[in-house]
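Computed over heavy atoms, backbone and side chain alike; hydrogens, waters and symmetry mates excluded. These numbers come from a predicted model, not from an experiment.
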Amino acid sequence: MDEKTIRERLAHLHGELNDAHQANPAVQPALSEILPDVKRLAEGDLGSSAEHAALSQRLEKVAVQFEAAHPAIAGSVRRLVDLLAEVGI
């Protein structure tokens, strides 16, 4: 997958999560923790390996947290986790 496609997919997923963040006060605290990192990745700043591991753990935690009550958000987060794994992050 080329870098442009990765950035486009990251930007799209960031948009989905940002929309959920704006629309649902209950999810704002958890999404506020990950949205800046997702935006940074979409803008091309891949960071370090330690940052990747920490972000992956936080994303997984958010996905599990929203699984039952907010399945659409959990799905977006899972797609993000899958994309990052696909590109080695």
Nearest-0.5 Å distance that lies between atom [atom1] in [X] and atom [atom2] in [Y]:
{"X": "Leu59", "Y": "Ile34", "atom1": "CG", "atom2": "CD1", "value": "5.0 Å"}
{"X": "Leu17", "Y": "Lys39", "atom1": "CG", "atom2": "NZ", "value": "14.0 Å"}
{"X": "Glu60", "Y": "Leu80", "atom1": "CD", "atom2": "CG", "value": "11.0 Å"}
{"X": "Leu55", "Y": "Glu33", "atom1": "CG", "atom2": "CD", "value": "11.0 Å"}

Search all heavy atoms of [X] against all heavy atoms of [Y] and return the closest pair with its distance.
{"X": "Gln28", "Y": "Gln22", "value": "NE2-O, 4.0 Å"}
{"X": "Ala63", "Y": "Ala74", "value": "O-CB, 3.6 Å"}
{"X": "Pro25", "Y": "Ala23", "value": "CD-O, 3.7 Å"}
{"X": "Leu83", "Y": "Ile6", "value": "CD2-O, 4.1 Å"}
{"X": "Leu13", "Y": "Ser76", "value": "CD2-O, 3.7 Å"}

Just checking, any donor-acceptor pair under 3.5 angstrom between side chains of His12 and Glu8?
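On atom types as modelled, these side chains do not qualify, holding no pair under 3.5 Å.
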Name all residues meeting the side chain to side chain donor-acceptor pair (under 3.5 Å) criterion together with Asn24; count only those two or more places apart in sequence or in a different chain, and write none if there are none.
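Asn24 satisfies side chain to side chain donor-acceptor pair (under 3.5 Å) with His70 once adjacent residues are dropped.
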Holding to side chain to side chain donor-acceptor pair (under 3.5 Å), I want the full list of residues that pass it with His21, two or more places apart in sequence or in another chain.
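Side chain to side chain donor-acceptor pair (under 3.5 Å) list for His21, sorted by chain: Ser32.
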Do Val62 and Val27 make a side-chain contact, defined as non-hydrogen atoms from C-beta onward lying under 4.5 Å apart?
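No. Closest side-chain heavy atoms not under 4.5 Å.
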Any heavy-atom pair between the side chains of Arg78 and Val64 that's under 4.5 Å?
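Heavy-atom side-chain distance check passes, below 4.5 Å.
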